[in-house]
Novice: 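Quick one: structure below, then a few questions.
In this chain, numbering begins with 1 at the start of the sequence shown.
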Amino acid sequence: MHLALAPMAGITDQVFRGLCFEKGCDLATTEMVSAQGFLTAPKDRNAYRFLLARQENEGPLAVQIFGSVPEHMEMAAARLSEMGLFSAVDINMGCPAQKVVGGQSGSALMKDIPLAAEIVRRCVKASLLPVTVKMRIGWDEESVNAVDFAKAVTDAGAAALCVHGRTRKQQYSGQANWEEIAKVRQAVSVPVTANGDIWNAASALECARVTGCSSLAMGRGALGNPWLFEEIKAAFEGKEWKKPPVEEIVALALRHGREMIAWKGEKSGMLEMRKHFGWYVTGQRGVAKLRTRLNLASSLSEVEDILSLLLNKETED
Ligand SMILES: Cc1cc2nc3c(=O)[nH]c(=O)nc-3n(C[C@H](O)[C@H](O)[C@H](O)COP(=O)(O)O)c2cc1C
């Protein structure tokens, strides 16, 4: 089974991806990058330096772009594919955020199949790398068009698809519709990755059974839990797998913090890490109080002190 880390803006940076690769992830994608922003930004602009950075412990990495103007998308795909950093150019046709769909990008493209296909065609022509598409199952319940959409973008040259089994209207609510992903897989001849609501080995096995896909992408389930890849791999290999002990969780959280600070500096590294620390302690005793304290911490040594309470079993419920 091929396991991917689903792209998550503000989360799946080089440090987090590296940890996921170490735990068995086979493919990751950068956070989404605005094609127009990338083309017009000064070369040394920090935002793009960070968005496009990758580190040594990473495996294959796709770069994801969003936009709705075929010329911008084509130029961005060409330039990014020439950087020698990435294994594919992925086009975001699934983002539900208002600021993205307002510009006719992301999941808004699911309402305009000819434009989506035109973007893919031009990116495929301009890119030195395979072009892939991340999509949803439609705009809303009344307009589920995943199969027609998938056929159009693969006819236009998309080399693989990742389908999040929700409509744009659902955002992240309700349950991912894996049956619709199965229909897409049957309708196209390129590899289809199933995505949505894979939280553990049981849901991964069930998603693979329902969709028939041999590639799965996990997003939220990996937050504070890079072990998810290890857990799922073990399940498909029929091997036993045990949850990591709290000592291992604390050690990885601190390593994540150290690497982030080494990359971004203490101030912005700590700001980035607050959410991650909160996710690492999910499920532990006294998590609400721990989170509040972790959110106020301004240095890694403070975090170390707070997490040592967990190790010494000194947390309160
Ligand atoms: C905080 C957050 C940020 C996301 N950012 C992106 C993104 O930049 N590009 C993208 O294609 N999908 C993005 N997604 C969607 C995820 O890739 C994935 O499709 C979705 O979370 C469903 O998978 P899951 O149930 O495993 O989380 C984001 C999701 C979350 C929760």
Novice: Should we count CZ of Arg293 as having more than 12 external heavy atoms under 6.0 Å?
Specialist: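 No, CZ of Arg293 has 12 or fewer neighbouring heavy atoms, counting only those of other groups under 6.0 Å.
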Novice: Any side-chain donor paired with an acceptor under 3.5 Å for Gln36 and Thr40?
Specialist: no
Novice: Taking Arg122 for the side chain and Glu74 for the main chain, is one N or O donor matched with an acceptor at less than 3.5 Å?
Specialist: no
Novice: Are the side chain of Glu180 and the backbone N or O of Gly165 linked by a donor-acceptor pair below 3.5 Å?
Specialist: no
Novice: Under 4.5 Å between side-chain heavy atoms, hopping through other hydrophobics if needed: is there a path connecting Ile306 to Val246?
Specialist: yes
Novice: Should the pair His276 and Phe16 be assigned to parallel (<30°), tilted (30 to 60°) or perpendicular (>60°) ring geometry?
Specialist: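 Plane angle between 30° and 60°, so tilted.
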Novice: Quick one: do the Arg166 and Ser173 side chains pair a donor with an acceptor below 3.5 Å?
Specialist: no
Novice: Would the distance check show the side chain of Lys275 and the main-chain N or O of Gly10 forming a donor-acceptor pair, the cut-off being under 3.5 Å?
Specialist: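 Confirmed, Lys275 side chain pairs with Gly10 backbone.
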Novice: Check whether any side-chain heavy atom of Leu254 sits under 4.5 Å from a side-chain heavy atom of Arg258, and report yes or no.
Specialist: yes
Novice: Verify whether one side chain among Asp305 and Ser308 offers a donor that lies under 3.5 Å from an acceptor in the other.
Specialist: no
Novice: Hey, does Glu266 have a side-chain heavy atom less than 4.5 Å from the side chain of Ser299?
Specialist: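 When only atoms from C-beta onward are counted, Glu266 and Ser299 do touch, with a gap below 4.5 Å.
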Novice: Does Glu248, at its CD atom, have more than 12 non-hydrogen atoms belonging to other residues, nucleotides or ligands within less than 6.0 Å?
Specialist: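 More than 12 heavy atoms, drawn from other residues, nucleotides or ligands, come within 6.0 Å of this atom.
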Novice: Going by atom types alone, do Thr292 and Asn295 pair a side-chain donor with an acceptor below 3.5 Å?
Specialist: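 No donor-acceptor contact under 3.5 Å links the two side chains.
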Novice: Would you please indicate if the ring centroids of His256 and Tyr280 are separated by under 6.0 Å?
Specialist: yes
Novice: Please tell me whether Gln175 and Asn177 have a donor and an acceptor in their side chains that are separated by less than 3.5 angstrom.
Specialist: no
Novice: Any donor-acceptor pair under 3.5 Å linking the side chain of Arg291 with the backbone of Gly278?
Specialist: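 Flag set: sc Arg291 to bb Gly278 pair under 3.5 Å.
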Novice: Is any side-chain heavy atom of Trp199 closer than 4.5 Å to one of Leu228?
Specialist: no
Novice: Would a distance-only check, ignoring hydrogens and angles, find a side-chain to backbone donor-acceptor pair under 3.5 Å from Glu302 to Ser298?
Specialist: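 Confirmed, Glu302 side chain pairs with Ser298 backbone.
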Novice: Is any side-chain heavy atom of Asp112 less than 4.5 Å from a side-chain heavy atom of Gln104?
Specialist: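 Not in contact.
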Novice: Given Gln64, which of Thr29, Thr132, Asn92 fulfils the side-chain hydrogen bond (donor to acceptor under 3.5 Å, both in side chains) condition?
Specialist: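 Of Thr29, Thr132, Asn92, side-chain hydrogen bond (donor to acceptor under 3.5 Å, both in side chains) with Gln64 is met by Asn92 alone.
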Novice: Indicate yes or no for a side-chain donor-acceptor contact from Asn145 to the backbone of Met110 under 3.5 Å, with no hydrogens or angles considered.
Specialist: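 Checking the backbone N and O of Met110 against the side chain of Asn145, a donor-acceptor pair under 3.5 Å is found.
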Novice: Looking at Lys233 and Glu237, is there a salt bridge between them, counting it only when a charged N and a carboxylate O are closer than 4.0 Å?
Specialist: no
Novice: Just so I know, are the side chains of Ile91 and Val131 near enough to count as touching, which here means a heavy-atom distance under 4.5 Å?
Specialist: yes
Novice: Taking Asp26 for the side chain and Leu3 for the main chain, is one N or O donor matched with an acceptor at less than 3.5 Å?
Specialist: yes
Novice: Is the cationic atom of Arg136 (NZ for Lys, CZ for Arg) positioned less than 6.0 Å from the six-membered ring centroid of Tyr172 and within 45 degrees of its normal?
Specialist: yes
Novice: Would you indicate whether the side-chain heavy atoms of Met218 and Phe229 approach each other to under 4.5 Å?
Specialist: yes
Novice: Would Glu82 and Arg79 satisfy salt bridge (charged side-chain N to carboxylate O under 4.0 Å, His left out), going step by step from the backbone distance to the final call?
Specialist: CA-CA 5 Å; Glu82 286 160 7; Arg79 284 207 359 218; over 6 Å; no
Novice: Does Lys169 have more than 12 heavy atoms from other residues, nucleotides or ligands lying within 6.0 Å of its NZ?
Specialist: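 Count not over threshold, so no.
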Novice: After noting the C-alpha distance and the side-chain angles of Glu259 and Arg255, does the key distance pass the salt bridge (charged side-chain N to carboxylate O under 4.0 Å, His left out) rule?
Specialist: CA-CA 6 Å; Glu259 288 187 15; Arg255 180 182 151 204; 2.8 Å; yes
Novice: Main chain of Cys95, side chain of Ser107: is a donor-acceptor contact present, judged purely on distance under 3.5 Å?
Specialist: yes
Novice: Would you indicate whether Met75, at its atom CE, is surrounded by more than 12 heavy atoms from other residues, nucleotides or ligands within a distance under 6.0 Å?
Specialist: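 No, CE of Met75 has 12 or fewer neighbouring heavy atoms, counting only those of other groups under 6.0 Å.
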Novice: Taking side chain as C-beta onward, heavy atoms only, is Thr30 less than 4.5 Å from Thr12?
Specialist: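 Answer no - side chains too far apart.
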